[in-house]
A.B. asks: 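Input: one structure, supplied below.
Each chain gets a letter, A, B and so on, in the order its sequence line appears, and its residues count up from 1.
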Protein chains: 2
Amino acid sequence: MKTGTAQHRASASVTVDLTAVIVAVTDGQPRVLTVAGGTSGSAEALPSGPLARQHRTLEQGLRAWVEAQTGQSLGYVEQLYTFGDLDRQLAPPSAGGGRVLSIGYLALVREPRDRSGDAATWHDWYRYFPWEDWRRGRPDVLADIEPALSAWVRAPATAGERESRRERLGVAFGTGGGGWSEDRVLERYELAYEVGLVQEADREGAAGTAGPGVGVAMGGDHRRILATAIARLRGKIKYRPVVFELMPPAFTLLQLQQAVEALAGMPLHKPNFRRLVEQQGLVEETGAVTLGTGGRPARLVRFRREALVERPAPGLRVRARSGRRSGSRSSS
Amino acid sequence: MKTGTAQHRASASVTVDLTAVIVAVTDGQPRVLTVAGGTSGSAEALPSGPLARQHRTLEQGLRAWVEAQTGQSLGYVEQLYTFGDLDRQLAPPSAGGGRVLSIGYLALVREPRDRSGDAATWHDWYRYFPWEDWRRGRPDVLADIEPALSAWVRAPATAGERESRRERLGVAFGTGGGGWSEDRVLERYELAYEVGLVQEADREGAAGTAGPGVGVAMGGDHRRILATAIARLRGKIKYRPVVFELMPPAFTLLQLQQAVEALAGMPLHKPNFRRLVEQQGLVEETGAVTLGTGGRPARLVRFRREALVERPAPGLRVRARSGRRSGSRSSS
DNA sequence: CATGTATATACTCTCTTTGAGAATATTAAG
DNA sequence: CTTAATATTCTCAAAGAGAGTATATACATG
């Protein structure tokens with residue numbers, strides 16, 4: 001009640017920042033496009049820029065900024081989340097104490113054309129989240145950070161708070177029944193941030209590139225936006241055929257599988273993956289085959305757009321292969 | 001390249017609007033909280049207000065506004081989407097030609113406490129989207145709007161454009177193979193908007209309440225935000241136990257089923273629903289039973305929070321019952 | 001030209017999940 | 001003591017998911 005009129009006047013000056021997570025898959029690795037500088041000057045950052053008057057739509061503004069900074073033109077674009085909490089904010093970049101709102105976007109492109117505008121470079125995204133790559137079994141970093149996580153759980157004075165932390169850890173990192181869930185990327189990042197395991201470039205006095213934290217830092221909130229993007233993409237892949245935005249016009253089933261594995265960060269069972277793709281009617285023959293693979297030539301297929309209309313949820317509802325190498329070597 | 005410096009200067013004045021879709025389920029009906037006025041004065045609108053400096057977080061600002069306007073305090077809150085396209089904007093509400101950014105939120109509450117701040121009222125959400133309620137079979141409105149949709153598909157001059165429209169219609173409304181998909185609410189609304197079937201209060205000269213369009217109009221972009229909310233909720237219900245945010249502390253399985261049916265807008269198969277809920281371990285006994293139901297008393301159960309930790313995706317992966325009454329009476 | 005190896009593709013088998021219906025239990029009302 | 005109404009459980013078939021194994025094709029090497 002009391003807030004009614006007071007709030008009306010105080011609508012402060014706001015800068016809106018459009019930030020892009022641009023993803024591609026090359027040679028079976030998931031990559032993200034980064035620029036040098038960002039807010040701090042040295043740390044890696046995502047392409048971004050302020051919303052301006054001439055941008056008719058938000059997405060248009062994003063495309064303009066990305067093209068200007070990286071030379072990359074975007075295909076598939078999707079809004080992720082809007083960040084605007086004051087606590088998260090660092091030294092306001094010439095905004096004169098005003099608030100900064102960051103709207104994060106996910107963009108999918110086909111091939112990394114490396115030499116672009118200026119300092120844009122592609123990086124394997126697991127560089128920023130080493131604990132997310134389970135393709136060759138449980139990643140080693142997890143063993144390293146485990147003590148810190150356990151300590152964090154045991155830290156609080158009250159038993160209730162400890163239990164709450166245990167539960168949160170269980171959900172995020174799959175300890176405690178549920179098992180690792182590949183699309184809880186953001187929850188894991190947030191928790192790791194809280195624990196102090198990851199440090200960003202512009203705060204906590206960490207160094208520019210690889211501070212004392214786990215994984216490479218980024219400027220501002222960008223690593224969090226990247227985590228949001230990965231989580232979204234990993235979730236979406238299951239019920240929408242978004243992988244194909246990352247594939248060349250013609251590709252083999254193995255390439256497709258490796259792309260999915262790269263994004264999901266886990267190995268898949270080959271026969272089942274092929275069956276799934278084929279019976280979903282997601283691809284069709286091109287007639288051509290690959291050459292010089294060292295083995296039997298693979299058929300080249302292409303995405304079948306009709307699948308969008310036929311299936312209610314045309315995606316790749318993949319689950320991890322339970323192969324021998326993914327055994328947990330957590331505590332030994 | 002050319003845009004580089006020009007954009008930096010033109011970052012215009014921006015007003016950020018926080019808008020809430022507040023959902024509850026009472027008596028098996030999905031309801032949304034609306035206020036009179038909004039931007040135009042007469043049309044129904046969602047609770048909303050500008051972001052102010054004293055709001056430390058966006059969510060906090062939203063809660064403050066909702067409480068001030070409706071007296072309702074919020075529990076579960078989730079960000080939906082940020083709208084900011086200039087084309088969509090109407091007469092700028094005293095923003096002096098500046099841009100208005102709308103951040104939409106979804107909130108779930110337990111019981112509609114009706115008499116609140118001032119003019120807040122609860123409405124069945126199918127009032128705004130009559131074509132979305134398939135609980136008692138295919139809704140009649142669909143037959144009414146079908147001619148307009150077909151005409152829209154046939155309208156373009158080029159065959160390619162017609163094919164593209166046919167495909168889009170097929171995906172959204174389930175003509176053409178896929179069948180009706182309950183979570184494509186937004187796609188259907190956008191398409192209906194494009195076709196001219198729905199009209200909003202502040203544009204196209206439509207009347208305040210029930211114009212010539214299908215379903216009740218809302219102020220500004222609010223009906224679109226509501227559509228986004230319903231779509232999100234219908235999707236989320238499948239892999240996260242969000243329904244329980246809407247249930248009282250103790251409830252019967254039938255009440256739970258009816259709540260899910262209300263949200264999803266489709267009938268469910270009772271025995272299968274029960275099996276799903278029980279084997280997922282989502283609920284536990286309270287020991288109590290209902291009385292005076294006119295039949296065998298039902299057990300009262302409560303939500304079992306441990307399910308969050310145990311299951312990777314604890315939701316109600318429901319699909320429509322194909323009962324006799326859902327037969328299509330489209331063309332006869 | 002035979003052989004080994006790497007890759008692609010096909011087939012089979014089992015176990016679980018899902019969709020649908022029927023059957024049984026428990027109360028209130030006539 | 002029947003009947004109606006609702007809650008709860010059981011059964012059964014069909015489809016789907018997970019995993020293992022076998023065969024086909026091309027290239028490299030001796």
A.B. asks: Determine, for nucleotides 3-9 of chain D in 5'-to-3' order, which nucleotides have protein heavy atoms under 4.0 Å from the base (write B), from only the sugar-phosphate (write S), or from neither (write -).
C.D. replies: --BBBBB
A.B. asks: Between B:Glu182 and B:Lys238, is there a salt bridge with N-O shorter than 4.0 Å?
C.D. replies: yes
A.B. asks: Round to the nearest Å and state the distance from A:Phe273 atom CZ to C:dA8 atom P.
C.D. replies: 12 Å
A.B. asks: Report the distance from atom CE of B:Met266 to atom C1' of C:dG19, rounded to the nearest whole Å.
C.D. replies: 13 Å
A.B. asks: Ion pair present between A:Glu245 and A:Arg110, side-chain N to carboxylate O less than 4.0 angstrom?
C.D. replies: yes
A.B. asks: Assess whether one donor atom and one acceptor atom, taken from the side chain of B:Arg275 and the base of C:dG19, lie less than 3.5 Å apart.
C.D. replies: yes
A.B. asks: Determine, for A:Arg305 against B:Glu163, whether the closest basic-nitrogen to carboxylate-oxygen distance falls under 4.0 angstrom.
C.D. replies: no
A.B. asks: Just the rounded figure in Å: distance from C1' of C:dA8 to CD of A:Gln255.
C.D. replies: 13 Å
A.B. asks: Starting from P on C:dA8, measure out to CG on A:Leu256 and report it in whole angstrom.
C.D. replies: 12 Å
A.B. asks: In whole angstroms, how far is the C1' atom of C:dT7 from the CD atom of A:Gln258?
C.D. replies: 11 Å
A.B. asks: By nearest heavy atom, map B:Asn272 and A:Leu276 onto DNA chain D; which one lands nearer the 5' end?
C.D. replies: B:Asn272
A.B. asks: Find the distance A:Leu268:CG to D:dG18:P and express it as a whole number of Å.
C.D. replies: 10 Å
A.B. asks: Between B:Arg240 and B:Glu78, is there a side-chain N and carboxylate O pair less than 4.0 Å apart?
C.D. replies: no
A.B. asks: Where does the angle between the aromatic ring planes of B:Phe303 and B:Phe244 fall among parallel (under 30°), tilted (30 to 60°) and perpendicular (over 60°)?
C.D. replies: parallel
A.B. asks: Could you pull out all residues at least two apart from B:Asn272 that satisfy side chain to side chain donor-acceptor pair (under 3.5 Å)?
C.D. replies: B:His269, B:Arg275
